[in-house]
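Scroll down for the structure; my scribbles are underneath it.
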Amino acid sequence: MYIFVKIGKKKIKTQVLTTFKDRIKGFRFQLNRIEEGLCYPKKKMINTCFLCQKIDIVFTDKDYKILKVFCNVKTEKFFFPKRKAYYIFEFPCNSCLSLQEGDTLEVIQKN
């Protein structure tokens, strides 16, 4: 399933990962430039082990209100969400520079 997330003037195609295999793989070992995002619903922790590129990570609650934003994240880092976090988004590097805590992600549902 795909959704679109509007950040500034850009719409980023985002894949919602629900199967175990997809959630484990994510962006790991991907050498091609990352053009789309990933969404992990109900994820407890995220790490950047075995990533070949820098990414942006966004923690949101059920209403897509931003709880925490990490921009330009290197590999081999571990992130534990805040208590109310429900969704974890991964986006291409430097795409979330305009986002701040307390903002709401504009999500357009598509199947």
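The chain is numbered in sequence order, starting from 1.
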Heavy-atom side-chain proximity of [X] to [Y] below 4.5 angstrom:
X	Y	value
S95	K10	yes
C71	V73	no
I55	P92	no
C49	T75	no
Q109	M1	yes
V16	P41	yes
I12	F89	no
K11	V5	no

Self-check item: Non-neighbouring partners of E35 that pass salt bridge (charged side-chain N to carboxylate O under 4.0 Å, His left out), sequence neighbours left out
Solution: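 Here the qualifying residues are R33.
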
Quiz item: Partners of N47 by side-chain hydrogen bond (donor to acceptor under 3.5 Å, both in side chains), sequence neighbours excluded?
Solution: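 For N47 the side-chain hydrogen bond (donor to acceptor under 3.5 Å, both in side chains) partners, ignoring immediate neighbours, are R28.
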
Self-check item: Counterpart residues, side-chain hydrogen bond (donor to acceptor under 3.5 Å, both in side chains), relative to N72 (two or more places apart)
Solution: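 Expected list: none.
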
Strictly distance-based, threshold 3.5 Å: is any side-chain N or O of [X] a donor or acceptor partner for the main-chain N or O of [Y]?
X	Y	result
D61	D63	yes
Q15	C39	no
T14	L38	no

If you group Ile, Leu, Val, Met, Phe, Trp and Tyr by side-chain heavy-atom gaps below 4.5 Å, do [X] and [Y] land in one group?
X	Y	result
I46	Y86	no
I57	I66	no
I88	L51	yes

Quiz item: Pairs in or reaching into residues 12-45: which pass ring pair (Phe, Tyr, Trp, His ring centres under 6.0 Å), with residues at least two apart or in two chains?
Solution: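 Residue pairs passing ring pair (Phe, Tyr, Trp, His ring centres under 6.0 Å), neighbours aside: F29-F50.
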
Practice problem: Please list all pairs passing the ring pair (Phe, Tyr, Trp, His ring centres under 6.0 Å) test where one or both residues lie in residues 52-74, with sequence neighbours left out. | Solution: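 Pairs touching residues 52-74 that pass the test: F59-F70, Y64-Y87, F70-F79.
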
Exercise. Can you tell me which residue pairs pass the salt bridge (Lys or Arg N to Asp or Glu O under 4.0 Å) test with a partner in residues 44-55, sequence neighbours excluded?
Key: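 Salt bridge (Lys or Arg N to Asp or Glu O under 4.0 Å) check on residues 44-55 returns no pairs.
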
Quiz prompt | salt bridge (Lys or Arg N to Asp or Glu O under 4.0 Å) contacts touching residues 85-101 (sequence neighbours left out) | solution =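 Non-adjacent pairs meeting salt bridge (Lys or Arg N to Asp or Glu O under 4.0 Å): K68-E101.
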
Practice problem: Answer yes or no: are there more than 12 heavy-atom neighbours, outside K65 itself, under 6.0 Å from its atom NZ? | Solution: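 No, because the 6.0 Å sphere around NZ of K65 holds 12 heavy atoms or fewer from other groups.
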
Exercise. Each residue besides M45 in its hydrophobic cluster should be listed here, by chain and number; the cluster joins Ile, Leu, Val, Met, Phe, Trp and Tyr at side-chain heavy-atom distances under 4.5 Å.
Key: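 Via sub-4.5 Å side-chain contacts, M45 links to F78, F80.
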
Practice problem: Please determine which of D56, L105, T104 meets the side-chain contact (heavy atoms from CB on, under 4.5 Å) test together with L99. | Solution: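 Per the side-chain contact (heavy atoms from CB on, under 4.5 Å) rule, the option paired with L99 is L105, out of D56, L105, T104.
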
Quiz prompt | side chain to side chain contact (heavy atoms under 4.5 Å, CB included) partners of K13, counting only residues at least two apart | solution =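 For K13, the residues satisfying side chain to side chain contact (heavy atoms under 4.5 Å, CB included) (neighbours in sequence not counted) are Y2, F4, E36.
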
Quiz item: How far apart are the closest heavy atoms of F91 and G37, and which atoms are they?
Solution: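 Distance-wise, the nearest heavy atoms are CD2-CA, 4.1 Å.
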
Quiz item: So which pairs with a foot in residues 16-26 pass side-chain hydrogen bond (donor to acceptor under 3.5 Å, both in side chains), sequence neighbours left out?
Solution: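 Sorted result for residues 16-26: T19-D22.
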
Practice problem: Determine, step by step, whether I34 and C93 satisfy the side chain to side chain contact (heavy atoms under 4.5 Å, CB included) criterion, reporting the C-alpha distance in whole Å, the side-chain angles of both residues, the deciding distance to 0.1 Å, and the verdict. | Solution: CA-CA 8 Å; I34 297 172; C93 186; over 6 Å; no

